[in-house]
Structure formats: structure tokens, C-alpha cells
There are 2 protein chains.
Amino acid sequence: MTPASEPRWLTEAEQDAWYAWRRMFPLVNAEIARDLGQDSGLSEADYDVLSVLGSTDGHRMRISALAELMQWSRSRLSHQLTRMEQRGVVRREDVATDGRGAEVVLTAAGVAAITDAAPLHVESVRRHLIDILTPQQLQALAEVGEVLRHHLKAPRKGRP
Amino acid sequence: MTPASEPRWLTEAEQDAWYAWRRMFPLVNAEIARDLGQDSGLSEADYDVLSVLGSTDGHRMRISALAELMQWSRSRLSHQLTRMEQRGVVRREDVATDGRGAEVVLTAAGVAAITDAAPLHVESVRRHLIDILTPQQLQALAEVGEVLRHHLKAPRKGRP
DNA sequence: GCGCAGTTGTTGATGTGTCACCTAATGAAA
DNA sequence: TTTCATTAGGTGACACATCAACAACTGCGC
């Protein structure tokens, strides 16, 4: 087989972007996750599930649909729902039209949890991210996210 | 106690930035981590430790210094080093000047692992992030990282 | 020297994500 | 109807991160 050619190492500017990328996300998210735990006793995973369910009508959703919407594996969601079910914030229900399927439903406690948590969480996100950046910087983030998401769906070329 | 005032919900533009933030990082990093595992049999944590040690002279470092440099807890690093030591890529050594202390040293296998992995990893990072974005977007990322990192060290104001 | 607070590094328990594998049900083809 | 590939969802083993607790050692004040 042919020997690998010398790789294109990162330039100074590229390294800056790469290190920023690697560092900023875990740091900021850790702050937000810490707030969420202290303020509301929820993990980020808890919050994400609750907030999606909270914005559906009937506060319910087919499990596989929820997994796809959140871009989670079914396995991960199943484990997460088991934990949340034990804590009483969601409930599983069989669905009549498909014997294999199941739905998740928010319990009253679940509705209360997300209703209480949401305002505090928004403030936390503002404090640690949104209010720190300029509108231009926020727009740049959204733009980068758009480009990357688009590229994931349709990669320009496969592995060399 | 006083009732909480209505929170400042996110505007459309702010939501775009927030969703981009939440989604792009895990997705892109999962791609890069997957490449790393397939190409080199390493986790991201493995790679980070190996690459830091590989760029020190003597291929060795005091454990607490390594933890601080990587912004890891000592506990996390200790567990990680135990796993890596079992796989033979690093070795722990007592340090003479301080009976409490210890150093990590790359083994020959460790040097080979990082030497082999680095070029493939750079290509992967280019493929999934760097080469997709324009120089302006890369600079924006670096700038945002800088602002956020600076803010973490000196928050403008405490919790209201 | 003696006592003691602080540091270094490790360990075990717990919670979570991933992977491979499993069962049950579906729907379509033979 | 019988077969069979596919789909929905769950389970158990493992890898990893975090937390609290711990032992060993240091270096300072006395």
C-alpha cells in the first residue's frame, strides 16, 4: 500500500478556532448544567426531554419520534425514560394502533417541573452565553451551525 | 417571598444561536470521535492525554500539572491513566523530590500510538470542521471562544 | 522535634451513554 | 396462512465522568 503523504497540519488561525471549539463548549455547558441542577434538580437530559414533551399537545409523543427529534439513540432514550419514570415525571403508555409502539406522557409532576425550570434556565443561558455575545457573534454562531448541519446531511466527499 | 418577574425569553435570533450551539458541537464531535476510534483505536480522552505528553520533552509530566493543563479533575485523570496504563501506552513513576507526587511517562507504544494517530486526526478535524468553514467563520469561532473564556474567569455580575 | 493544615494522588459508589443483542409485533410476499 | 425481513422498544455489560472519602506526604508554626 502507498505511504501516507504528509498531512496538512493546522495553521495558526485554524488552531485558534479548533482550540476555541474544543474548550468553549464544555466549559459553558458545565456552567449551565450546574445551574440547572442547583435551581431545578434536573440534568440537561431531563430538561431536554421535558421541554420537548411540554411543547407538544397532549404532552405526549411516540417514543421513536421523540428519539428522532432529539437525535438520540432509542437505547439512550429508553434508559433516560426509565429513570424519569421512576422519579414520576413521565409515564409510558401502550399505543392502540401499533402493538409494538409506546408513548411517553408528562405527568402532572412533569408539567410542574418544566414549568418551574424554564424561566430559570433561560436566565442561566442568557447569563452564560447569550448576553455575553454581540448580535453579530450570535449570528455567526447560528450561521456556523447551519453550515455544519447542512454538511452532515450531505458530505461533499467520502474518506480519501 | 416575591414572585419571579417574567423572564426575558429568547428572541428568534437568539434561539437560532442557542440551538446551533446545542446541536453542532455534539454532532461534529461525534463524527471526529468515531473517526478516531476507527482509525486509531483511541478515544478523544486518550488522544488528548497522548498528544499533550507527546509534546513535552522527555515525554513525561507531573500528574497534577497535566490535570491542570487539561482542565481535568485529578480524579478523572487518575482513572484515565489507570486505563491507559493497563493498555501499556503510559507508565506511572514516582518522583524523587516529592514523596506524594508521581509522573506519567509515554511508553514506546504510547509514542507510536500518538505518532500514528496525529495525521489521521488532523485530516478528520479538517474534514468535519475546519475545511467546511470560511476563514471568517473560523475567526468568529476563535473570537467567541476568547470572549467566553474571558468571561468565565471574571464574570460581570453574580446571580441576581 | 511535634503537631497540623494543606497538597498529591487514588479509590469506590453512583449516574449516565454506547453497544450488541433480544423479544414482540407488523406487514408483505409466497 | 405461513414465512420472513423489518421495526419498536427494552436490557445488560461495559466505558467513562463525578463526587466524596481516603492515605500518604509535605512544610510550616511552635
Side-chain angles (χ1 to χ4, degrees), chain A residues 22-23 25-27 29-38 41-50 60-87 89-105, chain B residues 22 25-27 29-38 40-50 60-87 89-105:
Chain A
R22 286 305 298 279
R23 293 197 173 281
F25 188 91
L27 288 176
N29 261 47
E31 299 278 318
I32 295 175
R34 195 174 44 76
D35 280 358
L36 194 54
Q38 289 179 356
L42 299 174
S43 68
E44 287 196 286
D46 293 334
Y47 186 91
D48 287 345
V49 171
L50 291 177
R60 70 175 54 231
M61 188 177 261
R62 187 67 181 260
I63 289 183
S64 57
L66 182 56
E68 191 179 4
L69 180 62
M70 299 181 69
Q71 308 243 45
W72 281 20
S73 71
R74 279 198 281 275
S75 172
R76 179 183 178 186
L77 182 55
S78 181
H79 284 300
Q80 176 73 27
L81 290 180
T82 300
R83 278 172 252 142
M84 295 177 75
E85 199 168 19
Q86 282 166 357
R87 286 164 34 218
V89 290
V90 300
R91 191 176 58 243
R92 282 188 238 239
E93 287 185 5
D94 289 346
V95 54
T97 60
D98 188 336
R100 301 165 297 183
E103 284 181 332
V104 225
V105 194
Chain B
R22 286 305 299 277
F25 189 91
L27 288 177
N29 260 48
E31 299 279 318
I32 295 175
R34 193 174 45 76
D35 279 357
L36 194 52
Q38 288 179 356
S40 314
L42 299 174
S43 68
E44 286 197 288
D46 293 334
Y47 186 90
D48 287 345
V49 170
L50 290 176
R60 69 175 55 230
M61 189 178 261
R62 186 68 180 261
I63 289 182
S64 57
L66 181 57
E68 191 179 6
L69 178 63
M70 299 182 69
Q71 309 242 46
W72 281 21
S73 72
R74 277 197 277 277
S75 173
R76 178 183 179 187
L77 182 56
S78 182
H79 284 298
Q80 177 73 28
L81 291 180
T82 299
R83 289 185 295 259
M84 293 177 76
E85 199 169 18
Q86 282 167 356
R87 285 165 33 217
V89 292
V90 300
R91 191 176 60 242
R92 283 187 238 238
E93 286 185 7
D94 290 347
V95 55
T97 61
D98 188 336
R100 301 164 296 186
E103 285 181 332
V104 225
V105 194

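Chain identifiers are assigned alphabetically (A, B, ...) following the order of the sequence lines, protein sequences preceding nucleic acid strands; residue numbering begins at 1 within each chain.
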Reckon A:Q80 has a side-chain N or O less than 4.0 Å from the OP1 or OP2 of C:dT16?
no

Can you measure B:E44 atom CD to C:dT18 atom C1' for me and round it to whole angstrom units?
15 Å

Which whole-number value in Å describes the distance from A:Q38 CD to D:dC19 P?
11 Å

Give the rounded distance in Å between these two atoms: CG of B:L81 and P of C:dT10.
7 Å

Positive for side chain to side chain contact (heavy atoms under 4.5 Å, CB included) with B:L66, one of B:M61, B:E103, B:R60:
B:M61

Does the side chain of A:L77 come within less than 4.5 Å of A:I63's, by heavy atoms?
yes

Between P of D:dG10 and CD of A:E103, the distance in whole Å
12 Å

Give B:S64 one of three labels, base, sugar-phosphate or nothing, depending on what nucleic acid heavy atoms sit under 4.0 Å from its own.
sugar-phosphate

Determine whether any donor atom in the side chain of A:S73 lies under 3.5 Å from an acceptor atom in the base of C:dC19, or the reverse, and answer yes or no.
no

Main chain of B:S78, side chain of B:T82: is a donor-acceptor contact present, judged purely on distance under 3.5 Å?
yes

For D:dC16 and B:R83 - does any side-chain N or O of the residue sit under 4.0 Å from the phosphate oxygens OP1/OP2?
yes

A:D98 CG to C:dG27 P: how many Å, rounded?
7 Å

I'd like to know if A:H79 reaches the base of D:dG12 with its side chain, counting only an N/O donor and acceptor under 3.5 Å.
yes

In whole angstrom, give the distance that lies between atom CD of A:E85 and atom C1' of C:dT16.
18 Å

Between A:W72 (CH2) and D:dA8 (P), how many Å, whole number?
19 Å

For A:E85 and A:R92, indicate whether the former's side chain and the latter's backbone hold a donor-acceptor pair under 3.5 Å.
yes

Using only heavy-atom distances, determine whether the side chains of B:R83 and B:Q80 contain a donor-acceptor pair under 3.5 Å.
yes

Separation of B:M70 atom CE from D:dA17 atom C1', in whole Å?
13 Å

Counting only side-chain heavy atoms from C-beta out, which of D:dC25, D:dT18, C:dG9 sits nearest to B:R100?
D:dC25

Quick note, A:S75 side chain, CB onward, closest among C:dT10, C:dG9, C:dC19 is C:dC19

DNA chain C: 5'-proximal contact among A:S43 and A:A96 (nearest heavy atom)
A:S43

Comparing A:G99 and B:R74 on DNA chain C - which has the more 5′ nearest nucleotide
B:R74

Measuring to OP1 and OP2 of D:dG9, would you say a side-chain N or O of A:R62 lies under 4.0 angstrom away?
yes

A:R92 side chain: which of D:dG10, C:dT10, C:dG17 is closest?
D:dG10

